[in-house]
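Report on one structure; see the data block that follows.
Both counts, for ligands and for their atoms, begin at 1 and track the order of listing. Nothing here was measured: the structure is a model prediction, and the numbers come from that model. Only heavy atoms go into these numbers, but all of them, side chains included; no hydrogens, no water, no symmetry mates.
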Amino acid sequence: MRVSEGDVTVEAPDPRDASSEGAGDAVFFNPEMELNRDVTVAVLRAFAERTDGGAANLGGSGLARNGDALGADADERTFSYLDATSATGVRAARAAKVGYDVTAADVDPDAVELARENLALNDLPGEAVEADANVLMHQERFDVVDLDPFGTPMPFADAAVAGTRKLLCVTATDTAPLCGAHFDSGVRKYDTVPRNTDFHREMGLRVLIGAMARVAARRDVAVEPICSHATRHYARTYLEVTHRATAADKALQWLGFVYHCEDCLYREHEYGRIAHPPDDCPNCGSARCSAAGPIWLGPVADSEFVDAAAAEVRPNMGEWQRASELLETLSGELDTPSHYDQHRLCKQWGAPANKLETFLDDLRDAGFSASRAHYGGTCFKTDADVSEIREAAEPPAASERE
Ligand SMILES: [Zn+2]
């Protein structure tokens with residue numbers, strides 16, 4: 001079937017045919033990842049704008065904005081981009097359309113052929129190569145590497161760090177191991193202790209970034225997340241990389257632990273490589289306190305960069321509305337290492353949930369910082385602890401209203 005996404009049209013196997021033809025045979029195409037790819041295009045545009053004087057790297061801003069990469073001046077340096085596990089090549093095609101010099105790699109010759117055809121179908125330059133991503137990324141360096149494999153990206157992580165000059169984009173779709181729901185698998189894949197908390201999406205994202213930071217540090221490379229999001233069935237992060245040992249040391253200082261009470265939802269965090277979890281919950285005294293980590297406790301996004309990416313979301317993107325909302329929320333999100341779910345708290349307190357904006361205003365009126373969080377419509381962040389939140393913002397019981 002032909003699929004149009006953003007400025008490109010690609011040939012892709014119909015995902016509905018996968019089961020009848022035998023799953024695993026057809027080249028994988030996931031239409032649900034369109035939001036992910038729309039955000040990627042916006043990030044790639046914003047990143048090129050920001051880095052090394054920007055627009056010239058995309059062959060002139062006018063051309064890039066029209067999506068016409070063919071007009072690029074040969075003398076101007078173009079950023080190279082590797083789609084490491086490219087399948088249909090839709091991601092590579094979309095990156096090529098905004099001016100990147102793309103390589104689409106896959107181990108499956110059918111996928112390589114399809115990616116080649118899809119670049120040609122859109123009159124886009126770039127190459128499709130049959131290659132094991134781990135081998136290729138050890139042989140060659142790219143300005144931007146995009147890791148979007150099926151499941152965990154960790155088997156590619158070390159080579160990806162070696163093969164990335166500037167920006168490493170990583171998707172993980174194995175949300176159950178990431179957030180601790182499949183505990184043993186999470187421990188194996190991410191070399192950490194993940195916990196299935198009530199902020200599980202954020203836990204997953206921070207497990208992923210933490211694991212990438214540690215893999216990068218082994219090569220004296222620092223990662224800095226400039227944009228990240230955890231959406232229903234995946235976590236995605238954009239890591240700006242610096243090849244310098246002292247920078248890697250600094251990045252590791254963002255690692256640490258989160259302690260979480262399963263009874264009252266109290267949580268606290270601790271930076272460092274050694275955990276000192278409380279025996280009992282400091283808030284309610286419960287012994288059901290879990291420790292997770294090491295995970296990334298630092299910012300997951302740079303709000304200035306996220307604003308720049310939001311400005312690059314275009315109405316011709318299929319998911320432009322969700323992409324815009326996501327980036328807007330992300331930009332305003334506080335940097336605390338965990339979020340709360342307002343409905344979960346209200347249920348806990350036996351209080352009716354009120355409008356989230358009212359709830360957040362109550363927190364702000366009490367002197368705390370508070371923001372929405374992109375992890376869900378009822379999620380928020382604050383620097384208040386769970387008892388302070390209750391005191392400041394617990395909605396009145398229905399009988400007490402008016
Ligand atoms: Zn507690």
Report task. Give me the ring orientation class for Y100 and Y81: parallel if the planes are under 30° apart, tilted from 30 to 60°, perpendicular past 60°. Result -> perpendicular
Report task. For a ring-ring contact (aromatic ring centres under 6.0 Å, His included) with F380, tell me which candidate from F368, Y340, Y375 qualifies. Result -> Y340
**Report entry** Donor-acceptor contact present, side-chain T173 to main-chain G151, <3.5 Å
**Finding:** yes
Query - Every N, O or S from the protein that is nearer than 2.8 Å to the Zn ion (ligand 1) - result: C261 SG, C264 SG, C281 SG, C284 SG
Query - Over 12 foreign heavy atoms within 6.0 Å of CD, E328 - result: no
Query raised in the report: Just by distance, with hydrogens left out, do T78 and D101 show a side-chain donor and acceptor under 3.5 Å apart?
Result: no
Requested in this report: To the nearest 0.5 Å, tell me how far L363 CG sits from D361 CG.
Outcome: 9.0 Å
